[in-house]
Amino acid sequence: MCSFSFEVFPPRRDETIKNLDAILEDLGRLSPNFISVTFGAGDSINSQNTLEVASLIQEKYQIPSIVHLPCIHSSKEKITAILKECKQRGLNKILALRGDVCEGLEKSKDFSYANDLISFIKKQENFEIYAACYPEKHSEAKNIIEDIHHLKNKVNAGTDKLITQLFYDNEDFYAFKQNCALSGIKVPIYAGIMPITNKRQILKISQLCGAKIPTKFTKILEKYENNTLALEDAGIAYAIDQIVDLITSGVDGIHLYTMNKTKAAIRIYEAVKHLPKEENEAKNVL
């Protein structure tokens, strides 16, 4: 059965955890397989908020949560303390990341890449480890071959499941899956999807993560960029089309990047919620 999950980010410095209650209430009603919570790299306030939000998701809403954990600016001591607190809070799922390099912060002497962190976590108490992957390759990789090689290192280090960066052309995902299979990567791969709701925001995010904008997508942005509601409708329809195709093709899971906006997430879920269910029911009948 296809997994369906969401990503949220913790409150900013001037916000409180309570501000997320309405968002989590909405997402909780959709009964996702899990909700992941991003981590403020180099920011101790947001970092603590991540653990508090992840705990809230599990304790109040009874939904498994995943803690994002970047390592590029962390020491073994700091990571050990975070993992200890995760265990105390009953948080057993970690998304192990290198993380973005923040200007002005000293790089870690203990961790250079995500696979260093994954190996370190594997030596600690038992955690289910998720890792990131890039259907169009990581922006710092020379080519697809090098990127798949690095991904294989992460899997060999102890990754249980993979979640992709956002992408807008399913053919890129299918080619990526084939390359993974050829390299011997056999762990489940969840497809990361982000619906279009704001042109400026999506272009910035796509540029940062290296996701290309297909012609079909570009036409949507150009035609509806000055009509907020129309762009939202078109963007949600595009995401639904992607997800229907992915589920029909047997994807392991859909991970929706919500940007803490539940309206689009709810509409997308309502449009596709029966697809994984019907697939499961068909198996039961057989």
Would you please name every residue forming a side-chain contact (heavy atoms from CB on, under 4.5 Å) with Ala230, sequence neighbours left out? Tyr224, Asn227
All heavy atoms of Tyr257 vs all of Gly192, minimum pair found to be CE1-CA, 3.5 Å
Under 3.5 Å, which donor-acceptor pairs link side chains of residues 80-96 to any protein atom two or more places apart or in another chain?
residue: Thr80; atom: OG1; partner: Lys76; partner atom: O; Å: 2.7
residue: Glu85; atom: OE2; partner: Gln48; partner atom: NE2; Å: 3.1
residue: Glu85; atom: OE2; partner: Arg89; partner atom: NE; Å: 3.0
residue: Glu85; atom: OE2; partner: Arg89; partner atom: NH2; Å: 3.1
residue: Lys87; atom: NZ; partner: Asn92; partner atom: OD1; Å: 3.0
residue: Lys87; atom: NZ; partner: Asn126; partner atom: O; Å: 2.6
residue: Arg89; atom: NH1; partner: Ser55; partner atom: OG; Å: 3.0
residue: Lys93; atom: NZ; partner: Glu128; partner atom: OE1; Å: 2.4

Applying side-chain contact (heavy atoms from CB on, under 4.5 Å), can you list everything that pairs with Cys180, at least two apart in sequence or on another chain? Ile148, Leu151, Phe176, Ile185, Ile189
Look at the side chain of Asn260 and the backbone N and O of Phe9, then say whether any donor-acceptor pair between them is shorter than 3.5 Å. yes
So does Ser75 get a backbone contact from the side chain of Lys109, meaning a donor-acceptor N/O pair under 3.5 Å? no
Any salt bridge linking Lys177 with Asp252? Criterion: basic side-chain nitrogen under 4.0 Å from a carboxylate oxygen. yes
Would you say the side-chain atoms of Ser5 pair up with the backbone N or O of Pro32, donor to acceptor, closer than 3.5 Å? no
Among residues at least two apart in sequence or on other chains, which ones pass side-chain hydrogen bond (donor to acceptor under 3.5 Å, both in side chains) with Asp21? Tyr61
Would you call Ile193 and Leu166 a side-chain contact if the rule is heavy atoms closer than 4.5 Å? no
To the nearest 0.5 Å, what is the distance between CD1 on Ile266 and CG on Leu256? 11.0 Å
Compare all side-chain heavy atoms of Leu275 with those of Val272 and state whether any distance is below 4.5 angstrom. yes
Taking atom CD1 of Ile145 as the centre, report whether more than 12 heavy atoms of other residues, nucleotides or ligands fall under 6.0 Å from it. no
Minimum-distance pair of heavy atoms, taken over all atoms of Leu97 and Ala114: C-CB, 4.0 Å
Measure across Gly28 and Ile63 and return the closest heavy-atom pair with its distance rounded to 0.1 Å. CA-CD1, 3.5 Å
Count I, L, V, M, F, W, Y as connected when their side-chain heavy atoms are under 4.5 Å apart, and connections chain through other members. Are Tyr113 and Ile163 then in the same cluster? no
What is the distance from atom CD1 of Ile220 to atom CG of Leu231, rounded to the nearest 0.5 Å? 8.5 Å
Rounding to 0.5 Å, atoms CG (Asn226) and NZ (Lys199) come to a distance of 8.0 Å
Could you tell me if the side chain of Pro195 sits less than 4.5 Å from the side chain of Ile268, heavy atoms only? yes
All pairs passing salt bridge (charged side-chain N to carboxylate O under 4.0 Å, His left out) where residues 134-151 contributes a residue, at least two apart: Arg98-Glu140
Working to the nearest 0.5 angstrom, can you tell me the gap between Met194 CE and Lys261 NZ? 11.0 Å
So, does Glu25 use its side chain to make a donor-acceptor pair with the main chain of Leu20 at under 3.5 Å? no
Decide yes or no for Phe173 and Thr164: does some side-chain heavy atom of the first lie under 4.5 Å from some side-chain heavy atom of the second? yes
Ser139 side chain to Cys209 main-chain N or O, any donor-acceptor pair under 3.5 Å? no
How far does CD of Glu7 sit from CG of Leu27, to the nearest 0.5 angstrom? 11.5 Å
When every non-hydrogen atom of His73 is compared with those of Leu105, the smallest separation belongs to CE1-O, 3.4 Å
How would you list, by chain and number, every residue that makes a ring pair (Phe, Tyr, Trp, His ring centres under 6.0 Å) with His138, sequence neighbours excluded? Tyr134
Short N-O contact, Asp241 and Lys216, less than 4.0 angstrom: yes
With the side chain counted from C-beta on, respond yes when Tyr130 and Asp160 share a heavy-atom pair under 4.5 Å apart, and no when they do not. no
Which pairs, with at least one residue in residues 28-37 and sequence neighbours excluded, count as a side-chain hydrogen bond (donor to acceptor under 3.5 Å, both in side chains)? Asp26-Arg29, Ser36-His68, Ser36-His255
All side-chain contact (heavy atoms from CB on, under 4.5 Å) counterparts of Ser249, not counting sequence neighbours: Tyr174, Asp245
Indicate the atoms forming the closest heavy-atom contact of Gly158 with Ile129, along with that distance. O-CB, 4.0 Å
If you take all heavy atoms of Pro70 and Ile79, which pair is closest and at what distance? O-CD1, 4.1 Å
Check whether any side-chain heavy atom of Leu56 sits under 4.5 Å from a side-chain heavy atom of Lys60, and report yes or no. yes
Once rounded to the nearest 0.5 Å, what's the spacing between atom OG1 of Thr197 and atom CG of Asp233? 12.0 Å
Over 12 foreign heavy atoms within 6.0 Å of NZ, Lys212: yes
Applying ring pair (Phe, Tyr, Trp, His ring centres under 6.0 Å) to Phe120 and not counting sequence neighbours gives Phe111
Would you indicate whether the side-chain heavy atoms of Asn170 and Leu246 approach each other to under 4.5 Å? yes
Who are the ring pair (Phe, Tyr, Trp, His ring centres under 6.0 Å) partners of Tyr269, not counting sequence neighbours? Phe4
Look at the side chain of Ser108 and the backbone N and O of Asp110, then say whether any donor-acceptor pair between them is shorter than 3.5 Å. yes
Set of side-chain hydrogen bond (donor to acceptor under 3.5 Å, both in side chains) partners for Lys219, sequence neighbours left out: none
How about Val37 and Val67: do any of their side-chain heavy atoms sit closer than 4.5 Å? no
Working note: Val251 + Cys2, criterion side chain to side chain contact (heavy atoms under 4.5 Å, CB included); need CA distance, chi angles, decisive distance, verdict. CA-CA 7 Å; Val251 71; Cys2 177; 3.9 Å; yes
Non-neighbouring partners of Thr228 that pass side-chain contact (heavy atoms from CB on, under 4.5 Å), sequence neighbours left out: none
Tell me whether Ser3 contacts the main-chain N or O of Gly253 through its side chain, where contact means a donor paired with an acceptor under 3.5 Å. no
